[in-house]
Each structure stands twice: as structure tokens, then as C-alpha cells.
Peer 1: 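Got a structure for you, written out below as C-alpha cells; questions coming shortly.
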Amino acid sequence: MSYCIIPVNNTPNSTQTFKLTLDGGRRNINIKLKLRYNDILKDWTASVTDNSTGKLLIDSMPLVCGVDLLGQFQHLNIGHAFVVPTTETPLMMPDNKTLGSTFILCWGDST
């Protein structure tokens, strides 16, 4: 089982892009993760692209706590992702100042 923390920063009005490769298990996963914060809706969303083919796999997936974000996309075989609070907080989900500090984004594979 292999998991990593995505190094998110809190730059205002930013779109953050990460190329992620997870080696291990029976396979390698190679994706591009694009994170956006929507100031009007006050939420984070993610898009996932296959790094090998450039094909968009998931678009505008909300980053919420308490669920496997990729659980409904297991047919894509790209692992699991979770938003996890690092400390007690009254917030139910990360805002534009707390993702990467009060909340972390973890991605990995359990195979």
C-alpha cells in the first residue's frame, strides 16, 4: 500500500497542476492532477488526466472530506484519494486558505 500527500499551496486565484506517478504494487499510475479553487462557490475541484494519453478522465470533481474521492471512479483504476483534516477544525471542507495546512490531500493505491 502506497500513499503520498499532494503538496498544495494556498496561492490566491491559482490553478495548481501536479504530475503524479505512483510506483508500486502490480502497476504504475501516471496522472496529471489539476486543482482549482472557485471563489464564488467557495470550493475546490479537481480534474484528472491520463499523463500517457492526455485523455481527461475526471473533470470538476469536488474535494470533500469523509469519502474516497476516487471511489466512484474505480473503473479507471487510478487509485484512491482523500481530503483529511490534520487538526481539529470547525470547517467541514477546505477553503482557499486551509487546503495544504489544516486539510491535506492524500492520493495512493491499495493494490
Side-chain angles (χ1 to χ4, degrees):
M1 190 178 316
S2 178
Y3 282 85
C4 64
I5 297 173
I6 310 301
V8 179
N9 65 46
N10 296 316
T11 306
N13 303 316
S14 71
T15 297
Q16 300 175 46
T17 303
F18 305 91
K19 289 185 179 180
L20 306 170
T21 302
L22 192 63
D23 298 319
R26 292 172 266 160
R27 62 199 172 96
N28 294 334
I29 303 170
N30 187 8
I31 62 171
K32 181 166 81 172
L33 177 66
K34 186 175 187 179
L35 301 177
R36 291 178 298 276
Y37 186 75
N38 183 319
D39 285 314
I40 295 171
L41 297 176
K42 304 209 179 304
D43 70 350
W44 284 95
T45 59
S47 297
V48 179
T49 303
D50 184 320
N51 241 354
S52 305
T53 64
K55 179 181 176 187
L56 181 64
L57 302 174
I58 302 169
D59 194 20
S60 301
M61 174 181 65
L63 299 186
V64 296
C65 292
V67 297
D68 178 357
L69 300 172
L70 299 175
Q72 63 183 323
F73 302 105
Q74 288 304 296
H75 63 282
L76 297 174
N77 209 22
I78 56 174
H80 306 273
F82 301 91
V83 174
V84 181
T86 59
T87 185
E88 286 191 38
T89 177
L91 299 173
M92 297 298 291
M93 52 194 269
D95 60 21
N96 63 337
K97 296 178 183 163
T98 58
L99 186 60
S101 57
T102 306
F103 294 90
I104 56 173
L105 176 58
C106 300
W107 171 64
D109 190 30
S110 59
T111 60

Peer 1: Taking all heavy atoms of Val8 and all of Phe18, pick out the closest pair and write down the distance.
Peer 2: CA-CZ, 4.2 Å

Peer 1: List the atom pairs, donor and acceptor, that lie under 3.5 Å between side-chain atoms in residues 83-95 and the rest of the protein, sequence neighbours left out.
Peer 2:
residue : atom : partner : partner atom : Å
Thr86   : OG1  : Ser101  : O            : 2.8
Thr86   : OG1  : Thr102  : O            : 3.0
Thr89   : OG1  : Leu91   : N            : 3.2
Asp95   : OD1  : Lys97   : N            : 2.9
Asp95   : OD1  : Thr98   : N            : 3.0
Asp95   : OD1  : Thr98   : OG1          : 3.0

Peer 1: Distance from Leu57 atom CG to Ile31 atom CD1, nearest 0.5 Å?
Peer 2: 8.0 Å

Peer 1: Using side chain to side chain donor-acceptor pair (under 3.5 Å) as the criterion, list what pairs up with Asp43, not counting sequence neighbours.
Peer 2: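 By the side chain to side chain donor-acceptor pair (under 3.5 Å) rule, Asp43 matches no residue at all.
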
Peer 1: Among all residues two or more places apart in sequence or in another chain, which pass the side chain to side chain donor-acceptor pair (under 3.5 Å) test with Asp68?
Peer 2: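 In terms of side chain to side chain donor-acceptor pair (under 3.5 Å), with neighbours along the sequence ignored, Asp68 is linked to His80.
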
Peer 1: Can you tell me how far the OG1 atom of Thr45 sits from the CG atom of Asn38, to the nearest 0.5 Å?
Peer 2: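 With rounding to 0.5 Å, OG1 (Thr45) is 7.0 Å from CG (Asn38).
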
Peer 1: What's the separation between atom CG in Leu69 and atom CH2 in Trp107, rounded to the nearest 0.5 Å?
Peer 2: 13.0 Å

Peer 1: Please list, chain by chain and in numerical order, all residues satisfying side chain to side chain contact (heavy atoms under 4.5 Å, CB included) with Ser47, sequence neighbours excluded.
Peer 2: Lys34, Arg36, Leu56, Asp59

Peer 1: Would a 4.5 Å heavy-atom cut-off, applied to side chains only, mark Leu33 and Ile6 as touching?
Peer 2: yes

Peer 1: What's the separation between atom CD in Gln72 and atom CE in Met61, rounded to the nearest 0.5 Å?
Peer 2: 8.5 Å

Peer 1: Of the non-hydrogen atoms in Ile5 and Cys106, which two are nearest, and what is the gap between them?
Peer 2: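 Nearest heavy atoms, Ile5 then Cys106: CG1-SG, 4.1 Å.
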
Peer 1: Are any of the side-chain heavy atoms of Thr17 and Lys32 separated by less than 4.5 Å?
Peer 2: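 A side-chain contact exists here, since the closest heavy-atom pair is under 4.5 Å.
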
Peer 1: Begin with the C-alpha distance, continue with both residues' side-chain angles, and end with the deciding distance and a verdict on side-chain contact (heavy atoms from CB on, under 4.5 Å) for Leu99 and Asn9.
Peer 2: CA-CA 7 Å; Leu99 186 60; Asn9 65 46; over 6 Å; no

Peer 1: Working to the nearest 0.5 Å, report the span between CD1 of Ile58 and OG1 of Thr49.
Peer 2: 9.5 Å

Peer 1: Which atom pair, heavy atoms only, marks the closest approach of Asn96 to Tyr37?
Peer 2: CB-CE2, 3.2 Å

Peer 1: Going from CG on Leu105 to CD on Gln16, what distance comes out if it is rounded to the nearest 0.5 angstrom?
Peer 2: 10.0 Å

